[in-house]
Asker: 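The following block contains the structure, expressed as structure tokens.
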Amino acid sequence: MKDSSTACPLDCYDACEIIYANNKPTPRKSGHTQGFLCPHLNHYDKHKTIASPKYNGLEIGMDEALLKLKEILSSTYKSDILHYRGNGNFALMQEATDHFFASFGATLTDGTLCDGAGEAGIVEGRGSNKNMTMSEIAKADVIIFWGRNPHTTSSHLLSLVKGKTIVVIDPVKTQIAAMADLHIQIKPHSDIYLAMLLTRFLHIDDSCDEEYLAKHASEFEDYYELTQGIRIKATLEDINVTLGQIGRIIEMVQGKKVAIVCGVGVQKYSDGADVMRAIDAFGVALGLFGKEGCGVAYLGDSKAGITSPFMSKAKRVSKVNAEFADFKTVFIQGANPLSQMPDSLRVANSISRAQNIVYFGLYENETSDVATLVIPAKSFLNKDDVRTSYSHNAMIFMNKQFDSDVGISEYDLAKFLCDAFEIEFHSEQHYLNHFKSFAIQDENNAFSVKGREEIPYKDGFDTENGEFLFLEEFEKPASDDDNLFYLITPKSRTSLNSQFDRDEFVYAHSSLGYQEGTFVKVSSAAGDALLKVKHDDNLRNDCILIYSGTKGLNKLTSSKHSLSGKSAIFQENRVKIIQ
Ligand SMILES: Nc1nc2c(c(=O)[nH]1)N[C@H]1C(S)=C(S)[C@@H](COP(=O)(O)OP(=O)(O)OC[C@H]3O[C@@H](n4cnc5c(=O)[nH]c(N)nc54)[C@H](O)[C@@H]3O)O[C@H]1N2
Ligand SMILES: Nc1nc2c(c(=O)[nH]1)N[C@H]1C(S)=C(S)[C@@H](COP(=O)(O)OP(=O)(O)OC[C@H]3O[C@@H](n4cnc5c(=O)[nH]c(N)nc54)[C@H](O)[C@@H]3O)O[C@H]1N2
Ligand SMILES: [Mo]
């Protein structure tokens with residue numbers, strides 16, 4: 001009998017467990033999915049997928065498309081081929097194509113458009129990035145949402161936070177901020193100051209966990225000295241935080257189980273690593289690591305504890321600023337770089353100079369529009385896979401629900417190419433079994449990744465000396481031109497980055513006087529975007545907001561890397577509005 005269980009494939013904290021029933025995805029009742037799905041999955045079949053391969057805009061059959069692909073690759077020097085794979089589907093078999101391209105001698109990517117700066121900061125401090133899971137967050141008394149918007153991006157956390165004390169640190173009055181006990185509507189890109197001042201006042205208040213610090217973070221006094229370099233009054237005024245608010249946070253966390261739940265919002269900046277490390281340091285001063293219901297949650301490594309069965313050794317260029325024009329053939333999979341990479345004008349120009357663009361995806365978008373060869377992928381319902389999450393330790397087997405004539409799976413495409421170019425490749429079951437061998441079954445018949453600790457850092461940190469390594473210096477975030485707006489680019493409720501229903505507005509506080517419904521030109525050093533205005537009085541009046549996935553947004557962003565972590569820095573771009 002067919003196994004009706006699978007998982008949502010999307011790049012999201014929640015990684016929901018699904019039962020396919022009555023021809024639609026329905027949520028698993030027990031476990032972290034808690035009987036509900038988000039709008040993306042509830043309306044999954046509403047979104048029109050690509051039905052047929054295309055070559056130069058004309059529909060062709062799949063066999064023909066594969067032969068075209070073989071022809072294109074045969075006529076390109078291996079060193080002139082780039083494989084650019086994004087986050088459209090988060091399951092592990094997406095990597096099957098890496099095996100072909102790496103073995104073939106093509107170039108792959110490194111770097112990240114997502115969480116890399118924050119992760120780098122975590123690794124610098126703790127020696128590894130082991131996450132606080134959703135089930136541990138559920139045990140906390142106090143939750144500090146720091147640059148994270150759970151109503152939109154991780155709605156399965158919400159029922160777990162009921163009845164807890166909630167603090168939100170976000171320049172936007174998000175839904176969670178509106179219901180929080182305390183919302184600090186901080187100026188963007190100033191969290192490092194708040195984190196350091198919180199630590200400083202915790203120490204002044206004699207409220208640090210001294211015993212913990214002596215054991216696991218003996219350099220704390222030096223860090224405390226670093227925090228003393230910050231001028232209190234001027235800084236607090238500048239970042240719009242009051243001493244009263246700092247006092248309240250310290251009061252709220254006293255003697256409590258505290259979870260600091262961070263998102264990517266704090267680290268879309270060049271110094272994103274330092275920001276995360278300063279937030280971690282506050283967690284360390286409170287002694288939050290290695291204890292039940294306590295810790296700092298971020299995006300963990302979803303592949304921790306799992307080795308890849310695929311070839312991955314390859315020359316790599318960065319996902320953030322890949323120069324497509326350096327390649328003759330670019331194979332793009334599960335990504336929409338023309339929308340989601342920073343500096344879209346540069347990307348468009350660069351892509352237009354590569355001779356063959358092959359797009360392998362589910363949906364039409366800016367990138368499929370410019371592709372010479374479009375190959376439709378199979379939906380997650382039509383292929384077997386396995387997935388893990390960056391917010392919990394479950395491993396979920398994704399069973400194929402029904403056959404479809406449309407598209408090709410990543411495995412089948414990689415198999416075709418490996419056969420065509422005589423590269424060794426095992427059966428699909430071999431690879432699925434490889435991934436499944438890292439799973440361990442619990443008493444409720446659910447699987448999780450073997451060896452992952454529910455409460456990491458119990459015996460100290462994974463640094464060389466086992467201690468937390470504090471920041472020893474930090475760059476003050478540049479206070480650029482105050483006449484320009486901060487550009488905030490969070491995630492939208494109706495889209496998953498550029499998939500599904502994409503937003504199309506620029507949001508501004510009504511007091512700024514831009515008329516709703518009129519088009520304005522938003523302009524940065526990188527370029528301009530013409531967008532319709534909508535008011536949002538949950539914003540500060542020094543910020544404008546454009547959701548990730550909005551067409552034109554990344555014309556405004558720069559393709560510089562973060563200082564650590566090889567990450568994009570989508571929010572370090574001040575903008576003006578021209579009416
Ligand atoms: N519906 C939906 N869900 C998604 C996604 C989606 O596109 N749509 N994307 C998925 C992906 S790829 C990811 S990486 C995750 C990300 O999930 P989140 O981490 O929640 O991501 P964001 O919405 O980008 O940012 C979170 C919050 O950071 C705030 N913020 C912005 N700048 C600052 C700042 O300088 N300081 C502080 N303190 N806060 C700031 C924003 O206002 C926002 O409320 O979500 C995943 N889930
Ligand atoms: N300004 C700004 N830019 C951002 C962000 C931001 O917050 N602000 N967020 C960044 C972040 S965190 C991320 S993760 C990136 C995401 O950016 P991308 O990695 O480009 O992801 P998506 O926009 O989701 O587009 C993925 C494409 O994958 C394809 N796809 C979906 N499922 C499958 C499948 O099963 N197989 C194949 N072959 N293809 C599939 C779909 O056709 C879809 O169009 O965007 C980044 N860009
Ligand atoms: Mo992301």
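We count ligands from 1, going down the list as the structure has it; atoms in each ligand are counted the same way.
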Asker: Under a 4.0 angstrom heavy-atom cut-off, which atoms of ligand 1 come close to Thr174?
Answerer: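 Result: 44 (O).
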Asker: The test is side-chain contact (heavy atoms from CB on, under 4.5 Å); show your working for Ile488 and Ile544 and say whether it passes.
Answerer: CA-CA 6 Å; Ile488 312 261; Ile544 61 152; over 6 Å; no
Asker: Which of the atoms of ligand 1 are close to Asp191, meaning less than 4.0 Å from one of its heavy atoms?
Answerer: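 Answer, ordered by atom number: 34 (C), 35 (O), 36 (N), 37 (C), 38 (N).
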Asker: With a 3.5 Å cut-off and no angle check, do the side chains of Asn382 and Lys400 form a donor-acceptor pair?
Answerer: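 Result is no, nothing qualifies.
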Asker: Would you say the side chain of Asp301 lies within less than 4.5 Å of the side chain of Tyr390, judging by non-hydrogen atoms?
Answerer: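 SC-SC contact between Tyr390 and Asp301 ruled out.
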Asker: Would you mind running through ligand 1 and noting each atom that sits below 4.0 Å from a heavy atom of Pro188?
Answerer: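 Once the distances to Pro188 are compared, the set is 35 (O).
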Asker: Please work out whether any backbone atom (N, CA, C, O) or any side-chain heavy atom from C-beta onward of His189 is under 4.0 Å from ligand 1, and answer side chain, backbone, both or neither.
Answerer: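 Within the 4.0 Å criterion, His189 contacts ligand 1 through backbone atoms alone.
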Asker: Could you check whether any heavy atom of Tyr486 sits closer than 4.0 Å to an atom of ligand 1, since that is the contact criterion I want to use?
Answerer: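 False for this residue.
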Asker: Will you find, in the side chains of Thr557 and Asn554, an N or O donor that is under 3.5 Å from an N or O acceptor?
Answerer: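 The answer is yes; a qualifying pair exists.
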Asker: May I ask whether His40 has any heavy atom positioned less than 4.0 angstrom from an atom of ligand 1?
Answerer: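 Contact check His40 vs ligand 1: positive.
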Asker: Report yes or no: does Arg387 contribute a side-chain atom to a donor-acceptor pair with the main-chain N or O of Cys8 at less than 3.5 Å?
Answerer: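 Checked: pair present.
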Asker: Does the side chain of His189 come under 3.5 Å of the side chain of Asp271 through a donor N or O and an acceptor N or O?
Answerer: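 Present: a donor and an acceptor within the cut-off.
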Asker: What residues form a side chain to side chain donor-acceptor pair (under 3.5 Å) with Ser524, not counting sequence neighbours?
Answerer: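 Once residues adjacent in sequence are excluded, Ser524 has no partner under the side chain to side chain donor-acceptor pair (under 3.5 Å) criterion.
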Asker: Find all atoms of ligand 1 within a distance of less than 4.0 Å from any non-hydrogen atom belonging to Tyr269, and give their numbers and elements.
Answerer: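 Answer for ligand 1: 32 (N), 33 (C), 34 (C), 35 (O).
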Asker: Taking only heavy atoms of Trp146 into account, list the atoms of ligand 1 that are under 4.0 Å away from them.
Answerer: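 This gives 38 (N) as the contact atoms.
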Asker: How long is the gap from CD on Gln94 to CD on Gln333, to the nearest 0.5 Å?
Answerer: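 With rounding to 0.5 Å, CD (Gln94) is 5.0 Å from CD (Gln333).
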Asker: List, ordered by chain and residue number, the protein residues whose closest non-hydrogen atom lies under 4.0 Å from any atom of ligand 2.
Answerer: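 Ligand 2 pocket, heavy atoms under 4.0 Å: Asp11, Gly86, Asn87, Gly88, Asn89, Gln94, Leu113, Cys114, Lys268, Gln333, Gly334, Ala335, Asn336, Gln340, Tyr359, Phe360, Gly361, Leu362, Tyr363, Asn365, Ala377, Lys378, Lys383, Glu410, Thr489, Lys491, Leu496, Asn497, Ser498, Gln499, Ser548, Leu553, Asn554, Phe570.
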Asker: List the steps and the verdict of salt bridge (Lys or Arg N to Asp or Glu O under 4.0 Å) for Lys555 and Asp343.
Answerer: CA-CA 5 Å; Lys555 287 183 185 163; Asp343 200 352; over 6 Å; no
Asker: Which atoms of ligand 1 are found less than 4.0 Å from any heavy atom of Val172?
Answerer: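 Under 4.0 Å from Val172, ligand 1 has these atoms: 42 (O).
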Asker: Are Arg346 and Glu323 close enough for a salt bridge, meaning some N to O gap below 4.0 Å?
Answerer: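 Yes, charged N to carboxylate O under 4.0 Å.
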